[in-house]
Amino acid sequence: MFLLVDLRNFSMASVLCVLLQLILCYTAVSSQKVELSPKKPLFRVGDRQKLTCQVNWCSGTVTFTWGNVEDKPLYAEVQPFPNESKSTLVFKSVQERIENTIVCKAKCEGQRMSTQATVKVRVYSFPNDPVVSGHDSLVSGKENTLTCKISDVYPAEHMKVEWLRGEKVVHTQDGEYGIKSIQSDYTFKPQPDDTGESIICRATLNLDDLPPEERTRETTVSMTVLPYFSLLAPSLLVSLQPDLSFIPVERGSSMTLFCNSSGCPQPHINWKNVRHQQNWRRIDNEESVNQLGPWTVDLEDNRTFICEVQCDSVVKSKRTELKVFSFPSDPTIEISGPFLEGNVNNLTCIVHDIFPVDCFHIQWLHGERELQSVHGNFSNKLQNLSLTIPIKPKDSDQNKTLTCEVSLKIGDRLVQKRASTTLEVHYSPKHTTIDVRPQKQLNEGENVTISCQTNSAPEGHVTLSRVWNGEKTKLVSSNGTQTSFGVYFTNLSHSGIYVCEAVNRYGSQTEEVQITVQASFVISSCFSTIAPPRNVSVRVYPSNEVQEGETVTVCCQLVSFPPSKIALRKLDNGKDIYSSDGTFLLVNLTANNSGVYQVTATNALGFQNKNFTINVISKKNPSTDDTGSSVLKRMNSIDFIIPVIGVGVLATIISTLDCMRRAKRKGLYEMTKGIP
Ligand SMILES: *[C@@H]1O[C@H](CO)[C@@H](O)[C@H](O)[C@H]1NC(C)=O
Ligand SMILES: *[C@@H]1O[C@H](CO)[C@@H](O)[C@H](O)[C@H]1NC(C)=O
Ligand SMILES: *[C@@H]1O[C@H](CO)[C@@H](O)[C@H](O)[C@H]1NC(C)=O
Ligand SMILES: *[C@@H]1O[C@H](CO)[C@@H](O)[C@H](O)[C@H]1NC(C)=O
Ligand SMILES: *[C@@H]1O[C@H](CO)[C@@H](O)[C@H](O)[C@H]1NC(C)=O
Ligand SMILES: *[C@@H]1O[C@H](CO)[C@@H](O)[C@H](O)[C@H]1NC(C)=O
Ligand SMILES: *[C@@H]1O[C@H](CO)[C@@H](O)[C@H](O)[C@H]1NC(C)=O
Ligand SMILES: *[C@@H]1O[C@H](CO)[C@@H](O)[C@H](O)[C@H]1NC(C)=O
Ligand SMILES: *[C@@H]1O[C@H](CO)[C@@H](O)[C@H](O)[C@H]1NC(C)=O
Ligand SMILES: *[C@@H]1O[C@H](CO)[C@@H](O)[C@H](O)[C@H]1NC(C)=O
Ligand SMILES: *[C@@H]1O[C@H](CO)[C@@H](O)[C@H](O)[C@H]1NC(C)=O
Ligand SMILES: CC(=O)N[C@H]1CO[C@H](CO)[C@@H](O)[C@@H]1O
């Protein structure tokens, strides 16, 4: 019987298998066997291995054919032994891929049917001992992880990894299908006395037929446990937020402090000795934070804050210092009173409720120049700090600005606040002046303006008055530092003394000026101002040459100030007759009255005289009764204007030809009568 089996196309698997079994039964019965060895091949990766196929029942030449069940290459070479009835399939270097069910077919020369045998080839790989790491720097009391790695394992799903401490298996792990390397982690908390203890990582490849010496590999390591004090929990980190060694913070502001712990799964974070609320929270497995506050800062927070983190047996702490300050308001300036020129006054700068006083500095400044300054002294509570400077102001200090600057220097931080004051210097009126425009000597009819100016602070008022006969008449008064008064078309009555009085609340100052208004009559030559007598002229009316018994009037004209006494005298007899108005009446003249007469005008500044002659012509007996009883009679003129202006001293005597008219009107007086 002959059954052709196509070994390269074994896809009709189950049916053919049944057939194959029948064939084998048949051949066994016929005892024509093919022998394939080894019977349970388990090849180590990398080795050179072979399968031998042999028949011993054929006397002729046997033809061997190698094949496999799975549809893939054999990855092997066939070595023929031509004179012997066997064939060898050689695997030069075993790999996982050679795993297969191998079929060897033998055909004996001369026989119609071939005979075959199959074998399942298995492969394993376990070339290296386990490698253990992490054992030499274990940290006491902390979770540590030891790692055991087994590489180039095949088939990994048959591998089991065990950790052994002494005889005790403390951890196991199985391999998985498809991987080549197996890693096993063993996590535990070593104690310091674990140092020197052995720990074993044992790997076992559980394959049937694998000899014990190939099956198990193990690595033993000695643990080194570092005591916590020789390497302070290197992964525990404590940090503060804000991360500053000291924090300037203003009283009344809101403050929050954070204490973060990282590298410890179960830390105890504690702010020490605080009354503010603490709020612990976990951020993740490694990080936690303890928030202090928020709270409102007060003076008692001016201290050190310590955060302590405990991680198992390890304690770490961090500190920060709050520097509390208080500087709530600008400084204020206090002035003890008004600044009176020449008086000492105090200027005080004060800043309230400050802390810490010893970090404050007060300065009085004029522009950039420091006048005075002071540093605060230590105090453990809120204080007011002040600086007083005495000021003795001059009027040049008027409107000077003085600044008070308060500085707080706390750490690198500088806070400044300031206040300013402008000096208002007070003084009584001074530099009072009167100004008369266009001038003090005026002609009647001119305009005049009288101005008065003063300097006072604060301003008061200024009054202009005229004094007449010791009586004061107010002309004008103004608030402020100046006033003025104008007169249009002046007349004689505007002459006088003008007084300016400047007043403020601290005092007064008076100035005066004399103003003279000159009358301007038709005969202006008769007017004068201060002068000795001059321009004396004499008129004799009706004539210098008269008949006996007649009367003449002598009128004098002159200019003089102050007024002059006017005397008339006959030069040869030397008797003086005086007149205040310069008019004389000579009555009932005789020949004896002929001669040279002299008029003399005298005032304080001097005198002037004028000679004139009178010639009396005899009527009948020129020699009779000429014994010279010429009588000079003063003429009492009361309606003649004598202008008197000014303060009762200024006067001008005016004599005019008008006297002739009056001489007539008054009639004649005997020369012998009426001599005063
Ligand atoms: C093998 O057989 C061949 C002929 O088939 C022969 O020439 C040769 O000597 C034999 N060798 C051995 C070792 O038997
Ligand atoms: C600390 O924790 C706070 C709050 O979670 C966070 O804002 C801050 O960034 C953390 N700081 C550090 C240094 O981790
Ligand atoms: C406040 O802080 C300052 C600066 O650190 C320190 O000199 C002072 O003693 C502290 N005051 C109090 C009351 O602790
Ligand atoms: C100014 O201060 C000084 C010293 O403090 C004091 O003696 C004086 O009376 C003060 N003067 C005035 C005007 O307040
Ligand atoms: C600080 O103390 C000193 C000494 O006692 C004293 O002279 C000074 O006036 C004080 N300063 C202030 C601002 O009080
Ligand atoms: C500071 O000044 C304020 C207002 O003048 C006063 O009420 C307070 O008592 C002062 N404080 C101190 C410590 O003198
Ligand atoms: C001072 O200031 C006042 C008001 O600004 C001003 O009227 C006055 O002229 C100033 N005085 C001086 C001397 O500057
Ligand atoms: C005086 O003032 C009046 C009014 O302003 C003016 O009409 C007149 O011309 C002035 N007289 C002189 C002499 O300036
Ligand atoms: C002058 O000042 C006084 C007091 O300040 C006031 O009563 C008066 O009305 C002022 N006069 C003028 C003309 O302004
Ligand atoms: C001078 O002028 C004033 C007015 O300014 C007038 O009241 C007065 O009567 C005048 N006096 C004479 C003597 O003319
Ligand atoms: C007037 O006459 C007297 C006597 O002769 C003489 O001294 C005097 O100088 C004369 N005066 C004038 C102004 O001529
Ligand atoms: C008016 C008058 O007195 N006439 C006298 C002038 O003088 C002569 C003589 O001396 C007298 O006789 C007049 O009576």
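Order of listing sets the numbers, starting from 1, for every ligand and every atom in it. Values below: all heavy atoms of this structure, side chains included; hydrogens, waters and symmetry mates excluded. The structure presented is a predicted model; accordingly, all values stated were derived computationally and were not measured.
The protein residues lying under 4.0 angstrom from ligand 5, judged by non-hydrogen atoms, are Val374, His375, Asn377, Leu385.
Contact check on Asp284 versus Arg282 returns no salt bridge, with no Lys/Arg side-chain nitrogen under 4.0 Å from an Asp/Glu carboxylate oxygen.
Within the structure, every pair that satisfies the side chain to side chain donor-acceptor pair (under 3.5 Å) test and touches residues 324-336, not counting sequence neighbours, is listed here: Ser336-Asn345. Counting only residues at least two apart or on different chains, the ring pair (Phe, Tyr, Trp, His ring centres under 6.0 Å) pairs with a member in residues 262-291 are His276-Trp295.
Every residue meeting the side chain to side chain contact (heavy atoms under 4.5 Å, CB included) condition with Asn144, not counting sequence neighbours, appears here in chain and number order: Leu138, Val139, Lys142, Pro190.
At least one N or O atom of Asn399 sits closer than 3.5 Å to an N or O atom of ligand 7. For a threshold of 3.5 Å applied to N or O pairs, the pair formed by Thr388 and ligand 4 contains no separation below that value.
Aromatic rings from His426 and Tyr506 are positioned such that their centres are separated by under 6.0 Å.
Checked options Thr454, Asn455, Thr510, Thr481; the residue passing with Thr432 is Thr454 (criterion: side chain to side chain donor-acceptor pair (under 3.5 Å)). Put simply, the residue from Ile269, Val289, Leu240 that forms a side-chain contact (heavy atoms from CB on, under 4.5 Å) with Phe258 is Val289.
Here is the list of ligand 4 atoms found below 4.0 Å of a heavy atom in Ser336: 12 (C), 13 (C), 14 (O).
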